[in-house]
Amino acid sequence: MTKSSIVSIDAIEILDSRGNPTVRVLMELDDGTEASASVPSGASTGEYEAHELRDGDKKRYGGKGVKKACENIVKQIAPTLLGMDASEQAKIDRILIELDGTDDKSRLGANAILGVSMAAAKAAAQSHHMPLYRYLGGAEAKRLPVPCMNILNGGEHADNSVDFQEFMAVPHGAPSFSEGLRYVAETFHTLKKLLHERGLATSVGDEGGFAPDLGSNEEAIELIVEAIEKSGYRPGEDISIAIDSAATSFSTDKKGHYDLKWSGAGKMQSIDLIALAKEWVDKYPIILWEDPLAEEDWEGFARFTSALGDKIEVVGDDIFVTNTKFISRGIREHTANASLIKLNQIGTVSETVAAVRLCEENGWRAFLSHRSGETADTFLADFAVAMQSGHLKSGSASRSERLAKYNRLLEIEHALGTDAKYYWK
Ligand SMILES: O=C(O)[C@@H](CO)OP(=O)(O)O
Ligand SMILES: [Mg+2]
């Protein structure tokens with residue numbers, strides 16, 4: 001036994017930001033360290049994501065309970081890991097993967113596995129009296145991510161007439177993280193005013209961005225550009241725009257056919273969406289575009305990247321699902337030039353780190369991300385600094401589960417003092 005040996009692992013079912021059950025893991029070490037980790041959950045999920053285990057008992061939360069995942073932690077994972085040193089992250093993650101024994105972590109549940117993996121990292125960091133970002137990222141972890149704030153929602157995250165899921169304000173021209181956060185929070189407030197003046201709804205979607213009914217998808221961009229300007233910032237220089245189309249959610253075959261059903265723009269093919277993107281990138285200060293096409297549309301994605309990849313960051317989310325197998329294929333086929341990175345898409349901390357490293361080694365960027373169903377857990381903030389990936393998305397300024405991450409980043413920036421770095425690329 002070492003002082004950071006695991007002496008107990010427990011799990012409870014808690015509620016996430018949508019009021020759906022999710023897993024919280026409680027871990028205790030021999031030296032008295034107590035840590036907990038909570039698992040996020042997506043709505044616009046990729047087909048090949050690691051499997052989130054749900055109970056299926058319709059009488060509890062319509063089948064969405066996670067009692068079984070919690071039971072797997074207590075009855076199967078805990079007995080296997082007790083006595084192990086929590087700082088042996090790679091070994092713990094390997095054992096979790098082997099104990100599960102499936103390709104998609106469906107036996108024990110990726111939600112069970114990830115909760116334990118994250119809790120081990122947090123407990124070990126605490127036991128070593130180190131902040132999590134330093135424990136995971138080492139002495140060089142000093143770069144704060146540019147906060148890509150989702151200020152206008154559509155698609156499956158909102159109940160409105162906008163097809164594209166997320167419109168983000170990206171303060172890459174700010175001198176520091178805290179200033180960047182201020183730029184985009186102010187833009188968020190200005191956007192609210194603009195919507196209000198036009199008699200449009202200021203209610204928010206799952207990630208806290210406004211979710212008005214607009215006449216077209218393009219109007220979303222126009223409003224954001226106006227909000228940036230009216231806040232006193234220069235579009236394209238201080239703040240640019242990032243889009244997550246989440247195109248799988250409006251694709252009819254997940255390959256090359258689409259139906260922009262929420263706006264009523266109707267049927268389109270990959271080539272039409274690419275033409276639209278080209279037009280917008282010429283017209284507006286767009287810096288990043290995530291999931292412009294659906295998860296099986298590898299060909300369309302590659303065409304999109306060859307058309308726009310030298311101008312903007314093209315990010316694959318549903319198509320890569322934080323899985324090195326798919327990211328490798330993407331690198332070979334020039335599918336994109338960046339991957340979204342979500343811990344729960346792959347299910348362990350070590351595999352997530354491997355996905356980030358693979359991107360880095362191949363000149364791709366790694367865009368760290370929350371899920372639309374979140375908790376107040378701030379693991380992601382520390383993880384983003386540890387990975388030095390330069391950008392993250394954690395929703396808007398109107399919901400505390402999103403702000404928990406941004407606020408944690410403010411703490412990290414404060415702790416780093418003049419050592420803190422902030423730049424886009
Ligand atoms: O598509 C996405 O990138 C995410 C997070 O913004 O949404 P969800 O968690 O619903 O998959
Ligand atoms: Mg996405």
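Since this is a predicted model, take the numbers as computed values, not measurements. All values below come from the heavy atoms of this structure, side chains included, with hydrogens, waters and symmetry mates left out. Read the numbers this way: they start at 1 and go in the same order the structure lists the ligands and their atoms.
- The distance from ligand 1 to the heavy atoms of Asp317 drops below 4.0 Å at these ligand atoms: 1 (O), 2 (C), 3 (O).
- Close approach of ligand 1 to Leu340 is summarised as follows: ligand atoms under 4.0 Å from at least one heavy atom of the residue are 3 (O).
- For ligand 1, the atoms closer than 4.0 angstrom to any heavy atom of Asp244 are 1 (O), 2 (C), 3 (O).
- Residue, atom and distance of the protein heavy atom nearest to atom 7 (O) of ligand 1 are His157 CE1, 3.1 Å.
- The Mg ion (ligand 2) lies at 2.8 Å or more from every N, O or S atom belonging to Glu166.
- Salt-bridge annotation for Glu197 and Lys193: absent, with no side-chain N of the basic residue lying under 4.0 Å from a carboxylate O of the acidic one.
- Checking only distances, Ser369 never comes within under 3.5 Å of ligand 1, N or O to N or O.
- Ion pair Glu374/Lys405 flagged as a salt bridge, since at least one NZ, NE, NH1 or NH2 atom sits closer than 4.0 Å to an Asp/Glu carboxylate oxygen.
- For the pair OD2 of Asp317 and OE2 of Glu290, the angle at the Mg ion (ligand 2) is about 90°; rounding is to 10 degrees.
- Of the N or O atoms in Glu290, one or more lie within a sub-3.5 Å distance of an N or O in ligand 1.
- A donor and an acceptor atom, one from each side chain of Tyr48 and Glu295, are nowhere located under 3.5 Å apart.
- Within the structure, ligand 1 lacks Ala246 among the residues with a heavy atom less than 4.0 angstrom away.
- Under a 4.0 Å N-O distance rule, the pair Glu71/Lys68 qualifies as a salt bridge.
- Atom CD1 of Ile271 sits in a sparse spot, with 12 or fewer heavy atoms from other residues, nucleotides or ligands closer than 6.0 Å.
- For a distance bound of 2.8 Å, the N, O or S atoms of Asp318 include none lying that close to the Mg ion (ligand 2).
- Checked options Leu409, Leu136, Ile412; the residue passing with Asp382 is Ile412 (criterion: side chain to side chain contact (heavy atoms under 4.5 Å, CB included)).
- Between the side chains of Glu299 and Ser270, no donor N or O sits under 3.5 Å from an acceptor N or O.
- The contact set between ligand 1 and Gly42, taken as ligand atoms under 4.0 Å from a residue heavy atom, comprises 8 (P), 9 (O), 10 (O).
- The closest heavy-atom contact to atom 2 (C) of ligand 1, among the options Glu156, Lys342, Arg371, Arg18, comes from Lys342.
- In terms of distance to the Mg ion (ligand 2), the nearest N, O or S atom of Asp244 is named OD2.
- Remark: Asp272 CG is packed, more than 12 non-hydrogen atoms of other residues, nucleotides or ligands lying under 6.0 Å away.
- Looking from atom 1 (O) of ligand 1 to the surrounding protein, the closest heavy atom is Gln165 NE2, 2.9 Å.
- By the 3.5 Å distance cut-off applied to N or O atoms, Ser41 is not counted among the residues near ligand 1.
- Set against the non-hydrogen atoms of Glu166, the atoms of ligand 1 under 4.0 Å away are 1 (O), 2 (C), 3 (O), 4 (C), 5 (C), 6 (O).
- Remark: the Glu351 side chain and the Thr348 side chain contain an N/O donor-acceptor pair separated by less than 3.5 Å.
- Salt bridge annotation for Glu207-Lys393: absent, with no cationic side-chain nitrogen under 4.0 angstrom from a carboxylate oxygen.
- Among the atoms of Asp291, none of the N, O or S atoms falls under 2.8 Å from the Mg ion (ligand 2).
- When hydrogens are left out, the protein atom nearest atom 5 (C) of ligand 1 is Glu207 OE2, 3.2 Å; that is the closest non-hydrogen contact.
- Distances from atom 10 (O) of ligand 1 to the heavy atoms of Ser249, Ser372, Gly155 show the closest one on Ser372.
- Between Ile221 and Phe167 the shortest side-chain heavy-atom distance falls below 4.5 Å.
- In this structure, OG1 on Thr252 lies 9.0 Å from CD on Gln269, to the nearest 0.5 angstrom.
- Protein heavy atom at the shortest distance from atom 3 (O) of ligand 1 is Lys393 NZ, 2.7 Å.
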